[in-house]
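Down below is the structure, laid out as structure tokens.
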Amino acid sequence: MTVEVLFFASLADSTGAPRDRIEIPDGADVAALWSRLVERYPALETTGFRPLVACDMEYAAWDASLDGVREVAFLPPVSGG
Amino acid sequence: MTVEVLFFASLADSTGAPRDRIEIPDGADVAALWSRLVERYPALETTGFRPLVACDMEYAAWDASLDGVREVAFLPPVSGG
Amino acid sequence: MVRIQREPIDGQALIEVVRTAGDGAVALFLGTVRDRNEGRTVLRLEYSAYEDMALQELERVRADALERYEITAAAAVHRLGVLEIGEASVAVAVAAPHRAAAFDACRFMIDTLKRTVPIWKKESFEGGEVWVEGERPADD
Amino acid sequence: MVRIQREPIDGQALIEVVRTAGDGAVALFLGTVRDRNEGRTVLRLEYSAYEDMALQELERVRADALERYEITAAAAVHRLGVLEIGEASVAVAVAAPHRAAAFDACRFMIDTLKRTVPIWKKESFEGGEVWVEGERPADD
């Protein structure tokens, strides 16, 4: 299956792009997707924090299944306000 | 000695006047002044609360001496804000 | 800045009075005239004051807030005269480097001034009017 | 009302959005750009967001406040783009019959949105720029 992946703030600086499209096996979870992304963008491993994850705009855990998920966003710790 | 007396809000309604000038004996305290005022304005006794007192714009106790005080104000419980 | 005035209160102007380049937080409180009180339909309120003392007590509240909290500036304005429903009778603004102090000081100021500043309100409702009796300084 | 916008924030307009005839209290909080942070002289901040989700999370904070506190209305606005020193990046306004709930809900909203709404700031200082890392939702 294919998911749309979004990167924000310093993570977008690390990847050099705000979005990508990734093919992953059925039943994959967030952690599996992240591993694929780190292969493609090694700079993601040096960010110094573990990103937050949102699946279709809802915060999700790293072991959340991606079945039926269209868009996965990786978010640095938020700093609005 | 002579003091200027001020009445506010419902107390001014009771006396029918916002101010008065009263002659009191040397060494009199606030309570003594109040007794003189109640003689002059009996309606003051029916206010249903004990007024706050300010001597020369500072809150004062009922047994505070009036020596050297120029202006005494009787204040209902405040309700600003 | 503290002020007792008969003109309408401008909250935005009060914010501009307090905020500086070193502040990350501004808290503003407005007290407004409600259309109901103790089950009665309120038509309007009329505020009066022992003006000279009210100004002095308001300044004392401001000075106390600056001493107690990590804030940069504070301001308070109280209005007198006849106020219609929805109008602001009082405003307190506080600027601070961080938000906790701004909130705490703003709340301290409105709580304190309601107990200590010699201002009174007369409430007009359907069928009459009444002086509202407030809290006493000795109550806390 | 909640909004993510690039235009300057108008605090007074936000007050008008929330207040009704039944309210005796309005609390407004403004977060503003400070000229210093962690010992550095800040030149400006740039805010960016995951906009659709940020709007949704902001609305969630508003709905939570309305459910938890005795308030009439609440509004929050966050600004994006480049902000100069002194400009407001965020505003929260709450109207309530009584002041305690207005203060509590306003504080709840700013505290919560800073942890949950996906917005980030990049700080420009003398000699460089850096993404500011904030608090994590799991921290509390």
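Chain letters run A, B, ... following the sequence lines, proteins first, then strands; residues in each count from 1.
Around CD of D:E70, the count of heavy atoms belonging to other residues, nucleotides or ligands within 6.0 Å does not exceed 12. Counting non-hydrogen atoms of neighbouring residues, nucleotides and ligands closer than 6.0 angstrom, the CD atom of C:E7 exceeds 12 such neighbours. Counting heavy atoms of neighbouring residues, nucleotides and ligands inside a 6.0 Å radius, atom CZ of C:R3 does not exceed 12 of them.
One distance of note links CG of D:D35 with CG of C:D23; it measures 9.0 Å at 0.5 Å rounding. The structure places CG of D:L28 at 5.0 Å from CD1 of C:I15, a figure rounded to the nearest 0.5 Å. A distance of 7.0 Å separates CZ of D:F103 from CG of C:D111, quoted to the nearest 0.5 Å.
Within the 4.5 Å cutoff, side-chain heavy atoms of D:T32 are placed close to those of C:R19. Looking at heavy atoms from C-beta onward, C:R107 lies out of side-chain contact with D:R99 at the 4.5 angstrom threshold.
When C:A91, C:G31, C:G11, C:P97 are compared by the number of non-hydrogen pairs under 4.5 Å with chain D, C:P97 comes out ahead. Contacts with chain D were tallied for C:A27, C:A25, C:G86; C:A25 has the most, counting heavy-atom pairs under 4.5 Å. Across D:A95, D:G24, D:A93, D:A102, the residue that shares the most heavy-atom pairs under 4.5 angstrom with chain C is D:G24.
Residue C:A100 touches chain D through both its backbone and its side chain, counting heavy-atom pairs closer than 4.5 Å.
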